[in-house]
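Single-structure report; data block below.
No hydrogens, no waters, no symmetry mates; every other heavy atom, side chains included, goes into these values. The first residue of the sequence shown is numbered 1, and numbering continues consecutively from there.
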Amino acid sequence: MVGESRKWGVLIATIWIQAFTGTNFDFSSYSSEMKSVLDITQLQLNSLSVASDMGKAFGWCSGLLLMYFPLWVVLFMAAFFGFLGYGFQWLVIQRFITLPYFLVFFLCLIAGCSICWFNTICYVLCIRNFTTNRSLALSLSISFNGVSAALYTLIAKAINTNDDTLYLFLNALVPILISALVLIPILQQSHPQQHSLDTVRHRDDSIVFICLNILALVIGLYLIFLYSLSSSTIIARVILVGAIFLLALLLFLPSIVNSIEWPCFTLPNSFSLYDSSFTLVDNHDEHELHKELISSNENGFASNGSVQSMMIEKNFCFVNVLEKEKITMLGEEHSTKLLVRRWDFWLYYIAYFCGGTIGLVYSNNLGQISQSLELSSHISSLVTLYSTCSFFGRLLAAAPDFLSSKIKFARTGWFAAALVPTPIAFILLAISGSKTALEIGTSLIGLSSGFVFSAAVSITSELFGPNSVGVTHNILITNIPLGSCLYGLLAALIYDSNATTTRKSIWLHEMSLCMGRKCYMQTFVWWGCISMVGLVSSFLLYFRTKQAYDNYERDKKRIRTQLTT
C-alpha cells in the first residue's frame, strides 16, 4: 500500500534527522578549544553550554508554528538557526572574526533552539504517521539522536584527525544537507485520515519494527567497537562509509521485509505488539475502543469514588499525597492550565530534572572532566562512548512494548528503573578517578539518560494526551536549561575554586585550569544526591500512575473481546 510505504519513509527520514542533528552531544569535543580562544573561565564556558540548553525553553514555539505553517517550513527554519548559530561560532574559533562574549552566548542559544525544533518535528511526524505504534516509532527515531556524536567524530576524523574546530563547521552544514535530503519523504507523507481507511497489518508492522531495531542495534555495535580503530584518516573514512551504508539500508528494509511472505512465521508472544499500550485491533475500531475505554474509566472511578475517598481518609498523609488528584486514565488530553495543576506532572518534571537532565550536564562537562584527570587524549573516545551508550539506552525504551504481553509493567515503572544507574555511576566517579571508572560511569549515565530522553515522549503522550505532545513535551523539557544552569554552575564554581590560577575573582576574563580529582569529586557527590531525588520522584510517579495503566490494560482486553465477538 502506498500509505504504508510512505509512513515507513517518514520514519526513516526522522531517524536520519535525529542521527545528524544531536549536535549538543559533541560540545565537549571542542569546549577546551573554545575556552582557550575566548580566554574565559570554566564558569563562563559552562554558561555557553547552558545557553545551548536554554534554547530548549523555546521549543514550544515550534509546536505552535506547526499549527500554522507546513512542517517543511519549520524544518528549514530549524536548519537555518543551526547554520547561523554554529557557523558564526566556527568563524570565532577559527579567529576569522572576533565577537564579544554575549554574542557568542546568543549564538549558542540559537543553536540550542535549532536542536529542540528538530526533535519536535520528529515527534510530530512519528505521532501523525503511526497512530497505533507511536511509542515504538518514537523510541526508534529518538534513539538515533544518541549516535550523533559518534557520527560527527567519524566525519571530523575522516577530514582531519587533529582539528577539533571542524565540529562546529559540521554542526552548521550537515543538518541543512540532511533537511534537504529528507524533504521528499516528508512532503509525501500520507494524510492521517488515510491510515484509517486501510487495514493495519499488525504482523507485518511487528516484523518491520523488529528488523529495524535489530539493524539499529547492529549500527550501535558497529560504531562503538570500530571507533577505536579510526586512528588514521583513511580508516576513519572506511568506517564512516560503512556507517552511512547501514543508515541507508534502513530505507530499504521495510520494503524488503514486506515483500517477503511469512507463511510459517509467527511472532512469539513476548514480541507481540498487539498488547502495546496504544495498539488497537483494527483502525476502524480505534475510535470506538478509545471511547469505550474513556467511558469505562470514567464510570468505574465514579462508582468507586466514594469508597476510595473513605479509605483514603483513614490512611496516613503520605498515602494521601500518593492518591491526591492522580491520573485515572491514559490518553486524556490536558490543557496547559490543567497540566501545571497536576501533581503527576510535577513528579514527572522533578524526575526528569534530577535524572535525565543531570546526565546531559555531565556530557557537557565531559571534556573538562577528562582534562582534569589528565585524559585529554581520550576526550573524543569518551564522548563517543557516552553518545553510543545513550543510543542503546534510547533503543531499550522500546522494551515496554516488545515485552508487554509477558511483563505487565507500567511505562513509568520502566522510567523509574532506568534512573537507578545514575546515582551508582556518580558514587563510582566520586570514589575513583581512574580511566576505567570514568568509562564505566560514562556508560551507565549514557544508558540511563538515553532511556529517559526516549521514553519521556511516550510517557508524555500517554499521561497528558498525544495530540498536544508537541507543546506539552516542550513544557516538560524546560527543566533542561534550568538544570543545565544550576548543575553546571555548581560544577563550575567547584572547578574554579580548585583551579591553580590565582586571581581576585572568578568572574574576571581569565582562563582557569584545574588538575586532579579534586576538580570534580565534590560535584559528583552533589550530583549523586540530586539524582537520588529524581529516583525517589520517579518511583512516586510510578505508584501514582500504576493503577491507570492497570485499568487501561484490563479494560482494553475486555472491550477488545466484546468487539471481536
Side-chain angles (χ1 to χ4, degrees), residues 63 120 122-124 126-142 273-280 286-287 289-294 296-298 301 325-336 338-339 342-349 351-352 356 394 396-405 407-419 451-477 537-557 559:
T120 303
C122 292
Y123 303 158
V124 172
C126 288
I127 291 173
R128 284 181 182 177
N129 290 272
F130 291 88
T131 56
T132 58
N133 291 318
R134 63 168 63 94
S135 58
L136 283 171
L138 284 168
S139 62
L140 182 63
S141 174
I142 296 169
L273 305 184
Y274 187 83
D275 291 327
S276 182
S277 297
F278 281 81
T279 300
L280 309 177
E286 177 178 344
H287 298 294
L289 178 56
H290 190 62
K291 290 178 181 178
E292 290 286 344
L293 285 171
I294 292 176
S296 175
N297 277 282
E298 289 176 344
F301 280 97
E325 297 180 354
K326 67 179 182 181
I327 290 177
T328 58
M329 65 178 180
L330 302 181
E332 182 183 14
E333 294 296 332
H334 284 63
S335 63
T336 303
L338 178 61
L339 185 74
R342 282 283 190 187
W343 284 55
D344 301 282
F345 172 75
W346 291 111
L347 285 173
Y348 185 32
Y349 192 94
Y352 198 116
R394 293 163 189 255
L396 284 173
D401 297 280
F402 284 124
L403 304 178
S404 60
S405 62
I407 303 177
K408 299 298 182 182
F409 198 49
R411 199 183 300 274
T412 49
W414 290 89
F415 184 88
L419 291 179
F451 191 102
V452 169
F453 295 146
S454 182
V457 184
S458 296
I459 293 175
T460 302
S461 65
E462 290 176 356
L463 296 184
F464 308 112
N467 295 332
S468 56
V469 69
V471 175
T472 304
H473 191 70
N474 280 304
I475 294 175
L476 171 70
I477 63 175
S537 296
S538 66
F539 275 103
L540 290 177
L541 177 67
Y542 164 65
F543 290 130
R544 283 179 58 88
T545 58
K546 181 178 182 296
Q547 187 177 3
Y549 278 94
D550 291 343
N551 288 334
Y552 191 94
E553 289 295 330
R554 184 187 66 248
D555 293 337
K556 183 176 65 175
K557 289 182 179 179
I559 298 171

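Remark: the backbone N or O of Ser454 is not paired with any side-chain donor or acceptor of Arg394 at under 3.5 angstrom.
Exactly one of Leu476, Leu347, Ile459 qualifies for a side-chain contact (heavy atoms from CB on, under 4.5 Å) with Tyr352. That residue is Leu476.
The OG atom of Ser458 sits 10.0 Å away from the OH atom of Tyr123 when rounded to the nearest 0.5 Å. Rounding to the nearest 0.5 angstrom, the gap separating the CZ atom in Phe451 from the CZ atom in Phe415 is 9.0 Å. Distance check: Thr412 OG1 to Glu462 CD gives 8.5 Å after rounding to the nearest 0.5 Å. The distance from the CZ atom of Phe453 to the OG atom of Ser139 is 15.5 Å, given to the nearest 0.5 Å. Interatomic distance, CZ of Phe539 versus CG of Leu541, reported as 11.0 Å (0.5 Å rounding).
In this structure Ser141 satisfies the side chain to side chain donor-acceptor pair (under 3.5 Å) test together with Thr14, sequence neighbours excluded. Tyr349 meets the side chain to side chain donor-acceptor pair (under 3.5 Å) test with Thr478; sequence neighbours excluded. For the side chain to side chain donor-acceptor pair (under 3.5 Å) test, residues two or more places apart in sequence or in another chain that qualify with Tyr348 are Thr460.
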